[in-house]
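To start, the structure under review is shown below, and the notes come after it.
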Amino acid sequence: MKKYLVCVSLALACFSTLRAQESNGADQQQTQMATLSPGGPFKLTSSTFANKTTLPISTIHNMIVNNVNVCSIDGSPGGNQSPELSWSGAPRGTQTFVVVAYDVTAGFTHWGMYNIAGSATGLPANAGVAGSQFGKQIFNDFFIGAEYDGPCPPAHVAPDVHHYLFTVYALDIELHLPSSANFPANAERLYQALIAAGRNHHILGSASLTGLYSTTPPPPAD
């Protein structure tokens with residue numbers, strides 16, 4: 001598993017390099033991923049959360065241990081629903097979209113959906129449910145199923161606050177990921193497909209949002 005996570009992290013880093021003009025921290029990474037289209041900036045927004053704010057409990061994983069959800073600070077059940085996402089200014093010639101939710105802090109993929117229709121302008125909340133009709137999904141790094149599974153960072157393990165990067169990519173092709181019952185399409189295969197698409201100039205643009213989340217309670221006030 002450790003080697004796999006390293007491989008996924010390296011793949012994402014390689015793809016980011018293909019698109020980036022400069023690199024200097026998470027804030028600049030967000031700017032790098034927002035690519036201008038002929039009709040204006042390609043933008044990603046969400047009615048579920050604002051950029052660089054805490055993700056709501058509706059998006060958080062629900063992992064029960066001793067009748068308590070260890071993915072929330074107070075044990076509250078998580079909704080485990082992918083957030084609503086809306087995009088505008090998609091580049092001309094877009095045929096499909098890819099959406100990825102990636103924990104930058106842990107190097108962990110929570111969601112990947114590809115071959116979303118080029119006519120789409122977003123995804124509703126919970127579009128990442130298993131069997132979704134909005135696009136094809138990969139097995140995320142929880143490897144539970146082809147679906148969205150929300151944040152569940154470990155408590156009291158620095159850094160406490162994890163950064164979750166939601167990115168939409170506009171492509172002028174469909175992606176074809178090898179997949180079978182025993183070896184389903186996973187994050188590594190999606191990133192390799194994106195890297196290949198980028199090298200062949202099939203990625204027309206991308207835009208991102210960052211959500212924050214921690215399971216570590218804040219220190220008591222003085």
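As the structure is a computational prediction, the values presented were derived from the model and not from experiment.
Closest approach of Leu177 and Ala193 over heavy atoms only: CD1-CB, 3.8 Å. Heavy atoms only, all atoms of each residue included: Pro154 and Thr215 are closest at C-OG1, 3.4 Å. The heavy-atom pair separating Ala170 from Pro91 by the smallest distance is CB-CD, 3.7 Å. Considering all non-hydrogen atoms of both residues, Leu175 and Ala197 come closest at CD2-CB, 4.4 Å. Across all non-hydrogen atoms, the minimal contact from Ile73 to Thr216 is CD1-O, 3.9 Å. Scanning all heavy atoms of the two residues, the minimum distance from Gly107 to Asp141 falls at O-OD2, 4.3 Å.
The backbone N or O of Leu85 sits nowhere less than 3.5 Å from a side-chain atom of Ser46 that would complete a donor-acceptor pair. Side-chain atoms of Asp103 do not come within 3.5 Å of backbone N or O of Phe108 as any donor-acceptor pair. Remark: the backbone N or O of Gly135 is not paired with any side-chain donor or acceptor of Gln137 at under 3.5 angstrom. No donor-acceptor distance shorter than 3.5 angstrom exists from the side chain of Ser179 to the backbone of Pro184, with no hydrogens or angles considered. Although no hydrogens or angles enter the test, the distance criterion places a donor-acceptor pair under 3.5 Å between the side chain of Asn51 and the main chain of Thr210. Side-chain N or O atoms of Thr48 include one that pairs as donor or acceptor with a backbone N or O of Glu84 at under 3.5 Å. At distances below 3.5 Å, at least one donor-acceptor pair connects side-chain atoms of Asn69 with backbone N or O atoms of Met63. With hydrogens and angles ignored, the 3.5 Å screen pairs no side-chain donor or acceptor of Asn200 with any backbone N or O of His202.
Put simply, Tyr114 and Ile173 are part of the same group of oily side chains (I, L, V, M, F, W, Y) that touch within less than 4.5 Å, one to the next. Tyr102 and Val161 are assigned to two separate hydrophobic clusters, defined by single-linkage of ILVMFWY side chains at heavy-atom distances under 4.5 Å. Both Leu190 and Val104 are part of a single hydrophobic cluster, where members link through side-chain heavy atoms under 4.5 Å apart.
Taking the side chain as every heavy atom from C-beta outward, His156 and Pro217 approach each other to under 4.5 Å. Residues Leu212 and His163 have side chains in contact (heavy-atom distance under 4.5 Å, counting atoms from C-beta outward). Two residues are said to be in side-chain contact when any heavy atoms from C-beta on lie closer than 4.5 Å; Pro83 and Tyr148 meet this criterion. Side-chain contact between Ile57 and Ser72: present, with at least one pair of heavy atoms (C-beta onward) separated by less than 4.5 Å. Using a 4.5 Å cut-off on side-chain heavy atoms (C-beta onward), Tyr169 and Leu194 make contact. Here the side chains of Lys52 and Leu209 are not in contact, with every heavy-atom distance at 4.5 Å or above.
With sequence neighbours left out, the ring pair (Phe, Tyr, Trp, His ring centres under 6.0 Å) criterion links Tyr213 to no other residue.
For the atom pair Arg189 CZ and Phe183 CZ, the distance stands at 8.0 Å (nearest 0.5 Å). With rounding to the nearest 0.5 angstrom, the OG atom of Ser206 is 7.5 Å from the CZ atom of Phe42. The distance from atom SG of Cys71 to atom CG of Asn62, rounded to the nearest 0.5 Å, is 7.0 Å. Remark: Ser132 OG to Leu123 CG distance equals 7.5 Å, nearest 0.5 Å. Separating the NE2 atom in His162 from the CG atom in Leu55 is a distance of 12.5 Å, to the nearest 0.5 Å. Between atom CG of residue Asn115 and atom NE2 of residue His176 there is a gap of 7.0 Å, rounded to the nearest 0.5 Å.
When only modelled atom types and interatomic distance are considered, Glu174 and Thr96 share no side-chain donor-acceptor pair under 3.5 Å. A donor atom on one side chain and an acceptor atom on the other are not found under 3.5 Å apart for Ser180 and Asn182.
Across Ile116, Val100, Val99, a single residue satisfies side-chain contact (heavy atoms from CB on, under 4.5 Å) together with Val168, and that is Val99. Of the residues listed (Thr59, Asn126, Asp149), the one engaging Asn80 in a side chain to side chain donor-acceptor pair (under 3.5 Å) is Asp149, and it is the only one.
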> For Leu171 and Gln95, what are the C-alpha separation, side-chain angles and deciding distance, and is it a side chain to side chain contact (heavy atoms under 4.5 Å, CB included)?
Replying inline: CA-CA 6 Å; Leu171 286 73; Gln95 297 297 312; over 6 Å; no
> What do the steps show when you test Thr94 against Asp172 for side chain to side chain contact (heavy atoms under 4.5 Å, CB included), and what is the final call?
Replying inline: CA-CA 5 Å; Thr94 297; Asp172 63 3; over 6 Å; no
> Step by step, would you call Tyr191 with Asn186 a side chain to side chain contact (heavy atoms under 4.5 Å, CB included)?
Replying inline: CA-CA 9 Å; Tyr191 294 142; Asn186 57 19; over 6 Å; no
> Checking side chain to side chain contact (heavy atoms under 4.5 Å, CB included) for the pair Trp111/Ser82: CA distance, chi angles, key distance, verdict?
Replying inline: CA-CA 8 Å; Trp111 187 32; Ser82 57; 3.8 Å; yes
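Two rings, from Phe142 and His61, have their centers less than 6.0 Å apart. For Phe97 and Phe134, the ring centers sit 6.0 Å or farther from each other. Ring-centre distance between His110 and Tyr164: below the 6.0 Å cut-off.
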